[in-house]
Structure formats: C-alpha cells, structure tokens
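Scroll down for the structure; my scribbles are underneath it.
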Amino acid sequence: MPPSVPSLPRRVAHILRTSLFVQVLCALVLGIVVGKLWPGFAADLQPLGDGFTRLIKTIISPLVFCVVVVGIAKAGDLKAFGRIGLKALIWFEVASTLALVIGLLAANVVQPGSGMHVDPSTLDASAVDAKTGGGSLPSTTEFIVNAIPTSFIGAFAENELLQVLILACLVGAALLHLGHTKVPKVLPAVEQAQEIIFAVVGFIMRLAPIAVFGAMAVLIGQYGLGVIETYAKLIVLCYAAAAFFIALLAVALRMVTGLSLWKFLRYIRAEMLLALGTASTESVMPRVMQKLRKAGARDDAVGLVLPTGYSFNLDGASLYLSIGTLFIAQAVGVDLSLGQQITVVLVLMLTSKGMAGIPGSAFLALSATASSLGAIPAGAVALLLGVDRIMDSMRVVTNLLGNCVAVFAVSRWEGALDLEKARSVLDGEVEEAQETTPEAPAGEAEKATAPEAPAQPTKETVTEAS
C-alpha cells in the first residue's frame with residue numbers, strides 16, 4: 001500500500017512549524033502591514049525586538065570564549081592561531097578600504113545630493129546630538145587600550161568582544177602550555193559549557209519571528225514609506241553599490257575557496273532574514289558561528305575571525321559612510337577636491353574601526369569626517385537622519401556576508417577549511433545542515449539523522465556534532 005501523501009494544509013502547517021526561514025518571513029510581512037496600518041500601536045512593539053537582542057547578547061561573550069579556547073586547545077598550535085589573526089586583519093583592512101573606495105566612486109558618478117541646494121543653517125544640528133547621545137568615537141590609541149581587559153569578569157559583564165577574545169587566547173595558550181595531563185578536566189568542562197550555550201541559542205531562536213515582527217512594525221510605523229521617495233536616489237545608489245561589492249565578494253570567495261556565495265546565502269537564509277528584520281548582525285552571530293563550523297571551517301578560525309570582524313570589518317558601514325559624506329557635501333553645494341576625498345578615505349579607515357557597539361556611530365564618524373575636512377558644516381550630517389534606519393538593511397547584509405567570506409578565505413589560506421564538507425553542506429547533501437526550527441539540542445538532532453550512529457556515542461562524537 002503506497003504511503004499516504006499529507007494534505008496541502010498539513011504540509012503548510014508543517015513548514016510553518018519547522019522552518020525558521022518561513023516563520024521569520026511571515027513575521028516580516030506582518031510587521032510591515034501592522035506598521036503601515038496602525039503606526040501608533042506599532043510604536044509600542046519596540047520591546048519585542050530589543051528584548052530578543054538583549055537575550056542574544058547575553059550569550060555571545062561566553063560562546064566566543066568557549067569556541068576560541070576549544071579551537072586553540074584542539075588545534076594544538078598557537079602560532080597557527082596567530083597567523084589566522086594576522087591574515088584576518090589584512091583581509092579586513094583590504095576589504096573595508098575597497099568598500100570605501102567603491103562608495104566614493106559611486107557617489108562621484110551618480111551624485112545623489114546634487115541639485116538639493118540645502119541651506120545648512122536650516123538644519124537642526126541638535127537632532128544629531130540626540131541620536132548619538134552626545135558620545136564620541138574613541139581615538140586609535142583609546143581603541144587599542146580599551147581592547148585590553150581590566151578584569152576577567154568585567155569583559156564578560158560589559159560584553160566587550162575584543163577583551164573576551166584576548167582572554168580566550170590567553171586561556172587557550174595556557175592550556176597548550178600546561179598540557180592535558182596537568183589540567184585534564186578543564187577542556188572537557190569548556191566543551192560541555194559550549195554545548196549548553198548552543199542549546200540556549202536554540203531556545204532563544206524560537207523567539208526570532210516575534211522579534212522580527214516587532215522590529216519591522218516599529219520601523220514602518222516610525223518612518224513610514226514616504227522617506228523612500230524623498231531619498232530614492234541615495235537609497236538606490238547605496239543598495240546598488242552594496243550589490244556590486246557583494247558580487248566582488250562572491251568572485252573572491254570563488255577564487256580563494258571554489259565555494260559559491262549564493263549557495264552559502266541560501267544556507268544561512270533564515271539568519272540573514274532575521275538580521276534584516278532586527279537590523280542587527282549580533283542577533284544572528286551565535287547561529288552563524290554554528291553554521292560556519294558545520295560548513296567545514298575549523299573552530300579556531302571561526303572563533304577568531306568572525307567576532308573580530310564585528311569590530312574591524314564593517315564593509316557595509318564603510319560603503320554608507322563614504323557615499324553619505326559625498327551626499328552631504330553635494331547637498332550643501334560643497335565641491336570636494338581629489339585631495340579632500342582621499343582625506344575622507346583615510347579618516348574613515350580609522351573612525352570606522354571604532355564604530356561597533358556605539359549608539360549613533362555612523363553619525364559620529366560622519367561628523368568627525370566633516371570636521372577633519374573643514375569644508376562641510378557639521379550640522380549638515382542631520383540630512384541623513386531620516387534615511388539612516390532604511391540603510392540598516394544594506395549595512396547588515398554587507399557586513400555579515402563580508403565577515404563570513406573572511407572566515408572561509410582565511411580558513412582556506414591557513415588549511416583550516418574542510419572543502420569537501422563545505423561543498424556537501426552548501427549543496428544540501430548533508431541533511432542536518434538544512435534549516436529547521438530548533439526542537440532539540442543540536443547533538444541529539446544530528447545523532448537522530450546519522451545513518452550509522454553508534455548506540456553509545458563517544459565524547460568526541462558529541463563534540464563534533466555541536
């Protein structure tokens with residue numbers, strides 16, 4: 001007797017229940033509808049997105065610490081870890097500088113601000129101060145000093161990723177120095193803590209559709225769709241420049257690793273949609289780390305390159321800052337010379353490195369750039385207040401893909417990438433890599449789908465399954 005085929009309603013219900021991508025997509029559409037029809041009610045939904053982001057942030061630091069410590073201890077080569085860090089920084093600098101140059105070229109060709117003839121005196125400069133909270137970007141020296149932890153617990157309490165990375169490197173190096181015979185229980189304990197954290201990630205991700213619904217409703221309710229018409233030329237230019245940069249990333253990934261960026265994008269489609277909905281790459285960082293490890297990137301490479309990229313590799317922000325600077329200059333009628341535009345690149349190369357985690361950091365960087373030029377009124381930065389939130393989607397996608405490509409590229413250069421496994425996962429041949437709503441810890445799900453799973457899995461099996 002042939003097996004019965006589920007009815008269409010049952011299949012739809014099954015997809016809605018198990019596919020995180022479909023859940024987030026539905027929440028995204030629903031949020032847009034609610035924000036458009038009931039903007040007053042939508043404003044009250046802000047805690048939904050904020051609460052989810054806060055939950056994710058609570059586990060990022062311990063997760064990064066565990067992954068890096070385990071990665072160093074298992075790789076058994078601290079020099080290799082240092083090479084990974086150095087290669088990552090070189091990649092980040094080249095990529096972000098390229099993004100800045102592409103943004104300047106695009107703004108010079110299209111000139112999105114030309115013809116606006118804005119009088120800077122009519123702009124409310126105090127609105128920028130309200131957006132930034134009166135803060136400022138750290139200098140290069142302050143940035144380096146702030147990356148050094150003042151206490152072990154403080155780095156985790158303040159969620160300072162660079163400080164946590166330094167502590168993880170020290171602990172991993174100490175484990176290698178002492179050897180497993182002197183501290184035989186430490187590494188298994190860290191591995192077990194990592195398993196617990198990934199299980200917590202699975203629980204929190206159940207709330208992702210609710211977070212996307214709230215964040216999107218607030219966005220549409222607050223800004224509406226009219227801002228898109230007002231800044232249409234600038235928005236189209238930024239997104240087109242981002243698409244061109246992502247195409248370059250795809251070419252670079254293909255040349256370095258032979259992998260397809262479009263297949264990888266399909267592989268992380270649910271995480272990408274969640275990042276778009278919440279306008280935050282931090283909200284998907286734990287899941288992306290997990291997926292990169294499943295796709296063949298070694299733990300030490302994932303643990304070092306991806307978190308470091310959140311501070312050093314803001315490709316989308318670099319595009320936006322360079323285009324935004326020229327847009328402001330063109331709007332107020334200032335013609336920047338070639339030398340001044342080179343100054344823009346040099347200033348933004350420094351200021352963009354200290355942007356992560358600072359409220360209104362884009363406006364602080366733009367204000368610093370305008371001040372360094374001396375030709376653009378600082379208050380003119382207020383021109384971008386109305387469109388900044390619309391640009392979040394472009395920045396999030398470009399930043400996230402740029403960091404993921406960096407993980408694959410650096411891993412490949414250092415021999416820390418299992419290409420055969422990566423191709424199998426991105427081609428969809430590995431069943432457990434397909435996106436579903438987490439209903440059980442990752443280890444149990446993979447043991448259930450393995451064709452010849454042993455009855456009593458070893459410790460190594462469970463660790464690999466994570």
Side-chain angles (χ1 to χ4, degrees), residues 20-58 60 124 126-133 135 159 204-232 234-235 238-239 242 269-287 310 314 316-317 320 324 355-364 381-400:
L20 180 63
F21 173 76
V22 174
Q23 291 173 3
V24 173
L25 182 61
C26 292
L28 193 72
V29 174
L30 185 60
I32 293 174
V33 172
V34 170
K36 180 65 177 176
L37 297 180
W38 302 286
F41 170 71
D44 297 330
L45 300 178
Q46 183 73 41
L48 297 180
D50 291 347
F52 177 81
T53 304
R54 290 169 71 94
L55 281 174
I56 287 291
K57 285 184 176 181
T58 60
I60 287 179
D124 183 11
S126 62
V128 177
D129 293 333
K131 180 76 173 180
T132 60
N159 217 23
I204 296 176
M205 289 301 292
R206 296 173 183 268
L207 304 175
I210 299 175
V212 169
F213 165 72
M216 189 53 59
V218 170
L219 171 63
I220 301 301
Q222 183 176 356
Y223 293 99
L225 300 176
V227 68
I228 298 179
E229 299 176 3
T230 306
Y231 291 91
L234 176 62
I235 293 172
C238 285
Y239 277 82
R269 61 189 183 277
E271 289 75 23
M272 186 63 71
L273 201 59
L274 174 59
L276 284 171
T278 58
S280 169
T281 52
E282 285 187 337
S283 64
V284 298
M285 183 178 174
R287 289 274 293 183
Y310 273 61
L314 304 174
Y320 171 62
M355 288 176 53
I358 299 177
S361 56
F363 290 97
L364 291 173
V381 175
L383 273 172
L384 293 174
L385 283 171
V387 75
D388 183 68
R389 183 62 180 83
I390 304 296
M391 297 299 184
D392 276 342
S393 298
M394 178 274 291
R395 291 194 293 250
V396 163
V397 170
T398 312
N399 289 345
L400 183 57

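These numbers come from the heavy atoms of this one structure, side chains and all, not from hydrogens, waters or symmetry mates. In this chain, numbering begins with 1 at the start of the sequence shown. Predicted model, so just to flag it, every value in this text is computed and none were measured.
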- Message: Just to verify, which of Asp392, Leu276, Thr281 counts as forming a side chain to side chain contact (heavy atoms under 4.5 Å, CB included) with Val397?
- Response: Leu276
- Passing candidate, side chain to side chain contact (heavy atoms under 4.5 Å, CB included) with Phe52, options Val212, Leu274, Ile210: Leu274
Residues in side chain to side chain contact (heavy atoms under 4.5 Å, CB included) contact with [X], at least two apart in sequence or another chain:
{"X": "Asp44", "result": "none"}
{"X": "Ile60", "result": "Ile56, Val64, Leu161, Glu282, Met285, Pro286"}
{"X": "Ala242", "result": "Leu319, Met394, Thr398"}

[atom1]-[atom2] distance between [X] and [Y], expressed to the nearest 0.5 angstrom:
{"X": "Asp50", "Y": "Leu45", "atom1": "CG", "atom2": "CG", "value": "11.0 Å"}
{"X": "Met205", "Y": "Ser283", "atom1": "CE", "atom2": "OG", "value": "7.5 Å"}
{"X": "Tyr239", "Y": "Leu234", "atom1": "OH", "atom2": "CG", "value": "10.5 Å"}

Using every non-hydrogen atom in the two residues, find where [X] and [Y] come nearest and quote the distance to one decimal.
{"X": "Leu28", "Y": "Met216", "result": "CD1-CE, 3.3 Å"}
{"X": "Ala217", "Y": "Ala42", "result": "O-CB, 3.2 Å"}
{"X": "Ala317", "Y": "Asn399", "result": "N-OD1, 3.5 Å"}

- Do Phe213 and Val24 come close enough that some side-chain heavy atom pair is under 4.5 Å? no
